[in-house]
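Values reported hereafter were calculated over all heavy atoms of this structure, with side chains retained and with hydrogens, waters and symmetry mates removed. To find a chain, count down the sequence lines: A is the first, B the second, and so on, and within it residues start at 1.
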Amino acid sequence: MDTTPIFGPALQVRGIEKSFKDLHVLQGVDFDVQAGSIFALLGSNGAGKTTLVRILSTLLSPDAGIATVNGFDVATEPKDVRESISLTGQFAAVDEVLTGRENLVLIAKLRHLKHPGTIADELLARFSLTEAGNRKAGTYSGGMRRRLDISMSLIGNPPIIFLDEPTTGLDPQARLEVWQTIKDLANSGTTVLLTTQYLDEAETLADRIAILHKGVIIQNGTLKELKALLPAAEVEYVEKQPSLEDVFLTLVGEDAAAAPDENTDAATAVPAGKESR
Amino acid sequence: MSTQVLSDTRVLTGRSLRHILRSPDTIITTAVTPIALMLLFVYVFGGAINTGSGESYVNYMLPGILLITIASGVAYTAYRLFLDMQGGIFDRFASMPIARSSVLWAHVLTSLAANMVSVALVIGVALMMGFRTSASLSAWLAVTGILVLFTLALTWVAVIAGLSAKTVDGASAFSYPLIFLPFISSAFVPTSSMPGPVAWFAENQPVTSIVDTIRAMFASESVGNGIWIALAWLVGILLISYAIAIAKYRRKIR
Ligand SMILES: Nc1ncnc2c1ncn2[C@@H]1O[C@H](COP(=O)(O)OP(=O)(O)O)[C@@H](O)[C@H]1O
Ligand SMILES: [Mg+2]
């Protein structure tokens, strides 16, 4: 199977629509992700992030639109897409009955790799799980489980990795560990599509950030570009740069505010109101 | 392609067999209810039941008990499949370049292995309770073949249930009517002792022909035409439930 990257963006999403009965979750989503970059898809709970990730990882068919992953069409070339990606879903997809090591060996065997045991041991060491390697994954803490989950996704070095809310529900320490893992991944050339509800997560990790709201991407740019969207005058009495949160709240209106922040003054100083569509 | 199906199925079957080895209670639980039924029928009701045949009651009822064992055992397959889908592992497999059908086949083969162990346990207890057979090796093989076919047919029904369930309880609820079916068949009392419409149902439902066939094989008697009716039911249920399960699975995974 030839899965060498094709020139052009690692991900191309054009006009993707998806409805569940009367609920129009995605109403024409467009964006590109450059190879080797970290792209954050930011949206509040229920915005459709998971739905989009499931479409891109061939688990769900879109109602309309075209998406290519590593140059392969998700609709017509799902097998090539699956060869090119790894999915770390919103809920840790580890087998709780198996040990951490057995989980890794299982995935290595399913990817038809040689020496699955060696691969498993290397990953356990890299994710500080060596000691826990022979314990059932069901006994792991949330952070350990997430690390195992992500390490399972790295097996076979897929060029593109989807991480759906990788730090939701983790304590701050585990969150920092996962962040470091994601940075390391991007440094090694892997393309990462990350979804998150956390503004600081997108701010810390992503090269580009897209905001998914009411079924469409309402903004897409680098952190700098997004911050430039706010007129400087708005924050003149606040002795700091506008945070991504300010931008987010301005764009989606305050009803969609997700993460609480002590800096509420800055948030209210920004006019909440019309969504740009 | 086909070698990939085989190797992926082998790897995934290894995984679910591990699940069973780590909770062997599921095999024991599967065997306990039929064994209790067997004790109840042989030592409590049995004396009052006239089967009209010369053989001992444990010999008479064992085939039905074996079918009940399998009907309750396959519920665990629906349960395990449902749990896989609930956790993200099913999605992980579906997003990987592995043979699509291997995920289901692994559960089916595991069901077969687990149910054969439960059946062996039940036969062991029956032997202690006085079950005797004159069956030749080839008759034993034939009985095994029918039980394997029965397990496969019901396991694919269980796969449908597991794929369509919304709750854990819902996943295994399908097995209750299956467990009940042998009671309205020739498994415990001859159908001739039943009132008209019930007798008609009992004589024409699949369990009676399967039970009668296994009973004849154990007793080294001629199976007659019954075996063709039994095989027709088994193969029919197997093909139809397999087709429905695969169609449901296809819709599920995209
Ligand atoms: N299979 C489904 N059937 C019906 N509604 C669904 C289904 N999957 C998701 N939804 C709905 O679609 C919306 C978006 O869900 P999701 O993509 O999970 O959002 P997010 O991941 O951004 O929180 C939610 O309102 C959710 O309830
Ligand atoms: Mg989600």
**Asked** Do you know which two heavy atoms are closest between B/Pro97 and A/Arg111, and how far apart they sit?
**Response** CD-NH1, 3.5 Å
**Prompt:** Between the main-chain N or O of A/Asp149 and the side-chain N or O of B/Arg92, is there a donor-acceptor pair closer than 3.5 Å?
**Reply:** yes
**Request:** Determine, step by step, whether B/Arg22 and A/Leu98 satisfy the side-chain contact (heavy atoms from CB on, under 4.5 Å) criterion, reporting the C-alpha distance in whole Å, the side-chain angles of both residues, the deciding distance to 0.1 Å, and the verdict.
**Result:** CA-CA 9 Å; B/Arg22 284 180 194 168; A/Leu98 301 186; 4.0 Å; yes
**Shortest non-hydrogen separation from B/Ala94 to A/Leu59 and the atoms involved** = CB-CD2, 3.4 Å
**Fill in**
Applying a strict 4.5 Å limit to non-hydrogen atoms, the region of B/Phe93 in contact with chain A is side chain
**Prompt:** Quick check: are there more than 12 heavy atoms from other residues, nucleotides or ligands sitting under 6.0 Å from CG of B/Leu239?
**Reply:** yes
**Greatest number of heavy atom pairs closer than 4.5 Å to chain A - which of B/Asp84, B/Leu83, B/Val11** = B/Val11
**Prompt:** Is it the side chain or the backbone of A/Glu102 that comes within 4.5 Å of chain B heavy atoms, both, or neither?
**Reply:** side chain
**Item:** B/Phe183, CZ atom: more than 12 neighbouring heavy atoms under 6.0 Å
**Value:** yes
**Message:** Taking every non-hydrogen pair under 4.5 Å, which of A/Thr88, A/Val105, A/Val97 racks up the most with chain B?
**Reply:** A/Val97
**Asked** How many angstroms lie between CE in B/Met96 and OG1 in A/Thr58, if you round to the nearest 0.5 Å?
**Response** 12.0 Å
**Item:** Interface moiety of B/Ile98 toward chain A, non-hydrogen atoms closer than 4.5 Å
**Value:** side chain
**Proximal component of B/Ser102, with respect to chain A [non-hydrogen, under 4.5 Å]** = neither
**Residue pair B/Asp8, A/Lys109: steps toward the salt bridge (Lys or Arg N to Asp or Glu O under 4.0 Å) verdict** = CA-CA 8 Å; B/Asp8 291 347; A/Lys109 282 185 179 166; over 6 Å; no
**Fill in**
OG of B/Ser95 to CZ of A/Arg82, rounded to nearest 0.5 Å, is 8.5 Å
**Prompt:** Do A/Arg54 and B/Asp91 have side-chain heavy atoms sitting under 4.5 Å apart?
**Reply:** yes
**Under 4.5 Å from any heavy atom of chain B - which part of A/Val94** = backbone
**Prompt:** Are B/Arg18 and A/Asp95 close enough, and set up right, to give a salt bridge (Lys or Arg N to Asp or Glu O under 4.0 Å), and what steps lead you there?
**Reply:** CA-CA 11 Å; B/Arg18 275 216 170 95; A/Asp95 186 323; over 6 Å; no
**Message:** I'd like to know whether OH of B/Tyr79 has more than 12 heavy-atom contacts from other residues, nucleotides or ligands below 6.0 angstrom.
**Reply:** no
**Prompt:** For A/Ile107, is it the side chain, the backbone, both, or neither that has a heavy atom closer than 4.5 Å to a heavy atom of chain B?
**Reply:** both
